[in-house]
Every structure is written in structure tokens, then in C-alpha cells.
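What follows is a set of notes on a single structure, which appears directly below.
Just so it is clear, the values below take in all heavy atoms, side chains as well, and ignore hydrogens, waters and symmetry mates. Throughout, a chain's letter reflects where its sequence line sits, starting with A, and its residues are numbered from 1.
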2 protein chains.
Amino acid sequence: MAARAARGGHHGVSIEDVAAAAGVSTATVSRAVRGLPRVSEQTRRRILDVASELGYVASSAASGLATGRTRTIGVLAPYVDRWFFYKALEGVERELHEQGYNLSLFSLDSRSGERQRTFSKTMVAKHIDALLVLCMALSMDEIQELRRLDIPLVAVGGPVEGCSSIGINDVEAAALATRHLLDLGHRDIGVLHGQDDDEDLNFQVPELRVNGFHEELARAGVEYHPEWEVRGNFTLASGAEAFEELWNRPGPKPTALMCASDEMAMGVILQAQRRGLRVPEDLSVIGIDDHEFSPVMGLSTVAQDPVAQARLGTRMLLDELAGKAGSVHDVHADFELKSRTSTAPLS
Amino acid sequence: MAARAARGGHHGVSIEDVAAAAGVSTATVSRAVRGLPRVSEQTRRRILDVASELGYVASSAASGLATGRTRTIGVLAPYVDRWFFYKALEGVERELHEQGYNLSLFSLDSRSGERQRTFSKTMVAKHIDALLVLCMALSMDEIQELRRLDIPLVAVGGPVEGCSSIGINDVEAAALATRHLLDLGHRDIGVLHGQDDDEDLNFQVPELRVNGFHEELARAGVEYHPEWEVRGNFTLASGAEAFEELWNRPGPKPTALMCASDEMAMGVILQAQRRGLRVPEDLSVIGIDDHEFSPVMGLSTVAQDPVAQARLGTRMLLDELAGKAGSVHDVHADFELKSRTSTAPLS
DNA sequence: GTGAAAGCGCTAACAT
DNA sequence: ATGTTAGCGCTTTCAC
């Protein structure tokens, strides 16, 4: 109570206060509170007691200045209000706080003013010990800037040039989804792309998924219909619109649709039903992701786990910081077919 | 290029490097880079040039230590992977980065180990200049701890004892949803609660929404049926389960259902359709929130805007930090009925 | 096992 | 308008 009046600062108990109250030097307090050796158990306990009594918490600014470490890692993402991103964010957060690290969020999209993604500037720089990049579409310049930061870097959910990344093999995942449709006997299969005009998202992912689709079709010797190819931007609304566009085109319709994301697949299903089509009787639909709504929607999908991917990426960063050089490396995350009720054999 | 070799530090250009290169003192550099007065335009420009050439960025630890300010504000939330939360987070982030502030995320739920929500400890403390609390259920002890931090505090999306908060009037919002159903002629109305066993979420919100429902019913002189009251936890899955539970109960069924959140409302609709019910012909359903899926689902709802609420809360915090005492205060955010196709007149 | 003291890089009086 | 200097609170040799 009275202790804090001792020093001038109106705010915050310093290490000196603790040292004084415990009758030791600040060096010893420092060792004690950080659990370092070279402190007798007896003094350590006394110091810890005094510290907690005084409500002492080390100033991160001060220790950051002294050590050069902030115990904060940054997350760079184009959005946070989209499935993969908020899931991954949750994963990073959990892993980090289990290790006593802080998470600093940088969400930069082209919406945010003059596209002044000055992240390596005032923002990211000197603030964080490592950086995790979530499916950002980065220009070469931006990547250069990031690398110049000279801190551990890892990408999650989409490759970044010259930087280890963890994520599923998008080509294979899309191929698996496509194969599922083929296995059910479908031959007239359309595809809903994931990319539209989104300049923030990692551009490779959508492309890779469509490649997987094409490859699998080719492998099966099934004809590819460009007129059944349509574009969306990963959102539910875009899925609904894409369906509309596809169905408004003249000519025959596909019996199955492979969508580059669950959100779009759900948009397709909803819009199809509104148009009086039955899923899966009239149209089979499969997605990629396994959104939390998918089980209830009965959406068949190729599931991936962003939380696990993000945790893994975070752990690599932390290991690297702990001195285990080479901890950060490329990893292909698991994915798995989940067959539900939005897909059925061709009747 | 060669400049960084000048000093011992292998990492990072310091203010001294810039000062030396520009032929001025560190004090002048400090003023110049922060846009403070008392620097001639000429020297300022020279310093800025040198600084950018050297890639100088001030160490936040050092300036934090010197000023006592971190230019970081914290966000405390039970989840980040749920609608209100990721939307609000997006809002905070945008507002913050426009002002050159950083966002530090603390997501604490009872899942995270031994419920050691030690936020006021190592985590939050000394790390942030202000804190925004997102619909957290806080114990009295925890609230005490937070207040002891002695930094500006604001709650968004649910009242926190002894702390200004911004959010919609949940009672009125629920009443509005209920009134919509009444106006359509419905008299047999069920309600889907928002709370189940969630100890992390702010407990008041679910309760308030149900209160609004009850009050509106009473006001209209319509009988309340406890057997049409069922509980969920704000998720889609819980909505589906709740519908199932409700419909499995013996006795007559309601013709309309007021749900405490859109996610649950969507779960209800999906499950109802699976059971062969038509929405809205056989059952009208209304939610609260206006989830991004709701327009496509045709879900009628009482819309609120978490992004705007979060931005406002953030701005208040920033204003308070800027010295405008009293900037943080209670605000009731807007909400609005959006009538779509999940509700229809009683036939 | 413990203490003294020199920084870490910046800011804020206070000179000039 | 610019420079000097004394910290901010912690960590970390290096003595003892």
C-alpha cells in the first residue's frame, strides 16, 4: 500500500522497490523472478513473496531494452474476419500464451487507406521477435522488407517466396475433392475458383486448387468444360453469385461442383436450393476447408485444420527464438476427405 | 550499407547512428522523426532522409521505457473465432493502425489450461496503454485486477461492472425482434436462449435478450410458454440441437422462434429444413446480429455493427490517452430490424 | 550466492 | 533551433 509512494513514479512497482523491500540487490531480484539459478531457495522465496505482495511485474519495455527481446510475436494477415484467418489467429494465440508470449496483430488490406502497408516500418519493426504471415499476397518489395527485418519468419496457409511455409498441399487437396466426385460417377463437373479481384489474398492458393482439379480430371480422362468454370472470392455471397452466374449460362449444366472453399460451397448450396434444385439429388457439391458450419450443412469437404497449422508455425518460431536454429521449415499439413450429404452418386 | 557496421550492434540502426550521419544530436533526431516542433525544416528533411536511408526505426522498447507509453492497446476476448469477436477485432485493428498504434491480443477462455487468466500479471500489465474488453465474463476479482492496472478501460459488446461499455441495448433489440414476430400475427412464439454452459462469455447479454423477449410478449398480452424456451450457446450447432430438442418435446409447437443470435437462428433453419419443415411457411425464425451469412440465408434479424462499436470504443480509448479525460463513456449502439425471408405472416 | 555498475536506445528537461 | 545530460527499469558481466 504505502510502498508505491516511496519512489516518485505514481504508477508501477519497480525492481528496486522489490529489492529494497527484500533487502537484496536488483540483480538478485531479477534472477529470482525469472527462475534463474544462482539464487538460494530461501532468498528466492522471500523475494517472490515480497514481489507478489507488492504486485510487482517487470516492465516489458525495460527488459526488452536490456535484452533486445520483446517476447512478442507478430501476425500479419489481410483479414481477420474470414474463416482461415480467425481460426489460425486463435491457434497462434493459444500457443503463444501458453509460452508466455504476446501476440501483436497486423491486419493490412488494400481497404486500409492508401495501401500504405508500411509494416516493416513503424509497425512490425523493433516490436516483435518473430513474424507469422497468414496467406498474405506480398509483393516482392514487401517480402524484401520483411526479410530485412532479420527475424524468424514463417508463412501459414499459403507459400511466400523465400520463406518457409506450412499449409496443406492445395493441389492434392483439390484433386482429392475432385476424385471424390469422380468416384461417385460424376463426369460433368464444374469448378468454382477461389480468386476474383482480391489483391490481398495469397494468389497462389486459388490457382493451385484449380490446378488440382484440372489434373485430376485429366488423370481420369474426363473432359474439362471451361463453361462450367466460374469465379468467386472465397465468401458465401460470392458462392451464391457464382452459382447464379453458372446456371444462367446457356447450355447443359454440370451434375457436380467442386468449390475452392466451404464458404463458397455453402453459398452455392443455398442459392441452388433457392432456385429449386435439390442437393445432392440434382447437384453434388463439395468444398475445401471444413468450416464449422459444414457439419450442420451436411457439406462434403476436404478438411484442413488452421488452428493446428498455426500452432505448428508458432512453435517453430518459438523454437527458433529459443536458439534451435533450423526449426522453421516447410511442412505440408494434413487434410482429409469428409464425405457428408451434399455429395451423392450420380443417379 | 556500410553504416550499420559502425556500431557494435549487429542488428538495428540506433538514433545515434542517425544523429552521427546527419551531424546533429540525438535530441534533434528524436524531435525530427516524431514531427515535433523546434526543428528547422531544413534539418528535419536532412534527418528524415538519412533516417530512411539507414532504415532507422525507433526502438519501441526504448521509447516505451523513456515515455512510459507503449503505443499498444490490448484487446481481451474469450474467443476470436466467433462472429462478434472477429468482427470487433477487425474494427479495433483498423482504428488502431490508422492512428499508428499496435494491437495486442489476449484471448483467454477456460479452455486455456488451468484457467490461469493471469492477464493483469505478466501479460497485460506494463505492456499496454489501454484495454478494450470484448464480452468477457469477468469475475469480481478479475475486474478488480483490471481496474488496478490504472489504464483506460472500455467494454464492447457487453457491460462490465464498473467500466464504461459500448453495445446495443440487448433488451430493446430482443424486444424489437419479438415485436416483428408479433406484428406478423404470431402468438405462439418460442425463444432460443443464448447461454448454456459458457462461463467465458458475458453472462448478461443472453439474459438481457431473453428479458426483452419476455417483456415484449407481456406488453402484447401474449401468453408465454416455458415449454417453448430452449438453450443454446450462440453457435450454429447449438441452434440445430436446440431445434431438435424443442421439436422432440411433446405437445403443440410454436409458429415462430426468436433466437438470441443469427448463428443459432441459422442452425434452427437448417435443422428445421432437414426435418421437412418449411421456413417461413411452417415456422418463422428471427435472429439478432446480422451475420455475413444472413443475407444469403434470407434470415430476418435485428442487425448490429460490431466493427463500428469496436472502432468507437477504440477511439474513446485513444482520446483518453491523448489527454481528453472523460472520453470513455457508455454508449448504446444502433440496431435495426432487417426483415428478410425467414419470417412471414402467420397463415 | 550475491552485489556493483555499466549499459540497452530513447526522451525530456534544461541549457545555449 | 539545437545540444547536453540525466534518467526510464531492467539485465548482465564481473567481482566478491
Side-chain angles (χ1 to χ4, degrees), chain A residues 3-4 6-48 50-51 54-71 122 125-127 129, chain B residues 4 6-48 50-51 54-72 122 125-127 129:
Chain A
R4 65 170 44 194
R7 290 186 50 81
H10 63 300
H11 186 240
V13 185
S14 83
I15 196 171
E16 266 189 81
D17 300 329
V18 180
V24 294
S25 72
T26 62
T28 305
V29 175
S30 181
R31 293 187 195 103
V33 299
R34 286 184 301 158
L36 262 39
R38 298 168 149 263
V39 183
S40 75
E41 264 321 305
Q42 190 185 353
T43 17
R44 182 188 305 276
R45 179 151 308 285
R46 182 156 40 90
I47 291 173
L48 258 27
V50 171
L54 262 40
Y56 170 71
V57 182
S59 149
S60 59
S63 71
L65 182 54
T67 59
R69 288 296 185 79
T70 62
R71 286 194 81 78
T122 328
K126 307 270 186 87
H127 229 83
D129 295 339
Chain B
R4 67 169 42 194
R7 288 186 50 82
H10 63 300
H11 185 239
V13 185
S14 83
I15 196 171
E16 266 190 82
D17 300 328
V18 180
V24 295
S25 73
T26 63
T28 306
V29 175
S30 181
R31 293 186 196 105
V33 298
R34 287 184 299 159
L36 261 39
R38 296 167 149 263
V39 182
S40 76
E41 263 323 303
Q42 190 185 353
T43 22
R44 182 188 306 276
R45 180 150 308 284
R46 180 156 42 90
I47 291 173
L48 258 27
V50 171
L54 262 42
Y56 169 71
V57 182
S59 148
S60 59
S63 73
L65 183 54
T67 60
R69 288 295 185 78
T70 61
R71 285 195 81 79
T72 295
T122 328
K126 307 269 186 85
H127 228 84
D129 295 339

query = What nucleotide, of D:dT12, D:dT2, D:dC10, holds the atom closest to the side chain of A:Arg34?
reply = D:dT12

inquiry  = Taking the nucleotide of DNA chain C with the nearest heavy atom to each, does A:Gly23 or B:Leu36 sit closer to the 5' end?
reply    = A:Gly23

task = For B:Arg31, report the nucleic acid contact type (base, sugar-phosphate, nothing); a contact means any heavy atom under 4.0 Å.
result = base

request  = Could you state the atom-to-atom distance from CD of B:Glu41 to P of D:dA1 in whole Å?
outcome  = 10 Å

inquiry  = Both B:Ala62 and B:Arg46 contact DNA chain D. Which one's nearest nucleotide lies toward the 5' end?
reply    = B:Arg46

request  = Measure the distance from CZ on A:Arg44 to C1' on C:dT2 and round it to the nearest whole Å.
outcome  = 13 Å

ask   = Under 3.5 Å, is there a donor-acceptor pair between the side chain of B:Arg71 and the main chain of B:Gly64?
value = no

message = Looking only at the side chain of A:Tyr56 (C-beta and beyond, no hydrogens), which of the listed nucleotides D:dC10, C:dA5, C:dC8 gets closest?
response = D:dC10

inquiry  = Looking only at the side chain of B:Ser40 (C-beta and beyond, no hydrogens), which of the listed nucleotides C:dG3, C:dA12, D:dA1 gets closest?
reply    = D:dA1

query = Nearest 0.5 Å, what's the CZ-OG1 distance between A:Arg38 and A:Thr28?
reply = 11.5 Å

task = Could you state the atom-to-atom distance from CG of A:Asp17 to P of D:dG9 in whole Å?
result = 9 Å

query = Considering only C:dA13, D:dG7, D:dT11, which nucleotide approaches the side chain of B:Ala27 most closely?
reply = C:dA13

remark   = B:Glu16 CD to D:dT5 C1', in whole Å, measures 13 Å

A:Ser30 side-chain proximity, nearest of C:dT2, D:dA1, D:dT12 = D:dT12

message = Looking at B:Thr70 and B:His127, would you say the former's side chain and the latter's main chain have a donor-acceptor pair under 3.5 Å?
response = yes

message = Using whole Å, what does the distance between atom C1' of nucleotide D:dG9 and atom CZ of A:Arg69 come to?
response = 19 Å

key: Minimum-distance nucleotide (side-chain atoms of B:Val39 versus C:dC10, D:dC10, D:dT2)   = D:dT2

Of the listed nucleotides C:dC10, C:dT2, D:dC8, the one nearest the side chain of B:Ile15 = C:dC10

query = C:dG1, D:dC10, D:dA1: which one has an atom nearest the side-chain heavy atoms of A:Ala58?
reply = D:dC10

query = With respect to the side chain of A:Ser14, which nucleotide from C:dG3, D:dC10, D:dT2 is positioned closest?
reply = D:dC10

key: Separation between OG of A:Ser30 and CD1 of A:Ile15, rounded to the nearest 0.5 Å   = 4.5 Å

message = For D:dC10 and A:Thr26 - does any side-chain N or O of the residue sit under 4.0 Å from the phosphate oxygens OP1/OP2?
response = no

inquiry  = Nearest whole Å is fine: how far is C:dG1 P from A:Ile47 CD1?
reply    = 13 Å

note = When rounded to whole Å, the CG to C1' distance for the pair A:Leu65 and C:dG9 reads 5 Å

ask   = Please give, in whole Å, the distance from C:dG9 C1' to A:His127 NE2?
value = 15 Å

ask   = Got a second to check how far A:Thr43's OG1 is from A:Leu48's CG, nearest 0.5 Å?
value = 10.5 Å

Under 4.0 angstrom between A:Thr43 side-chain N/O and C:dT2 OP1 or OP2 = yes

inquiry  = Both A:Ser59 and B:Ser25 contact DNA chain D. Which one's nearest nucleotide lies toward the 5' end?
reply    = B:Ser25

inquiry  = Nearest 0.5 angstrom please: B:Leu65 CG to B:Ser60 OG, how far?
reply    = 11.0 Å

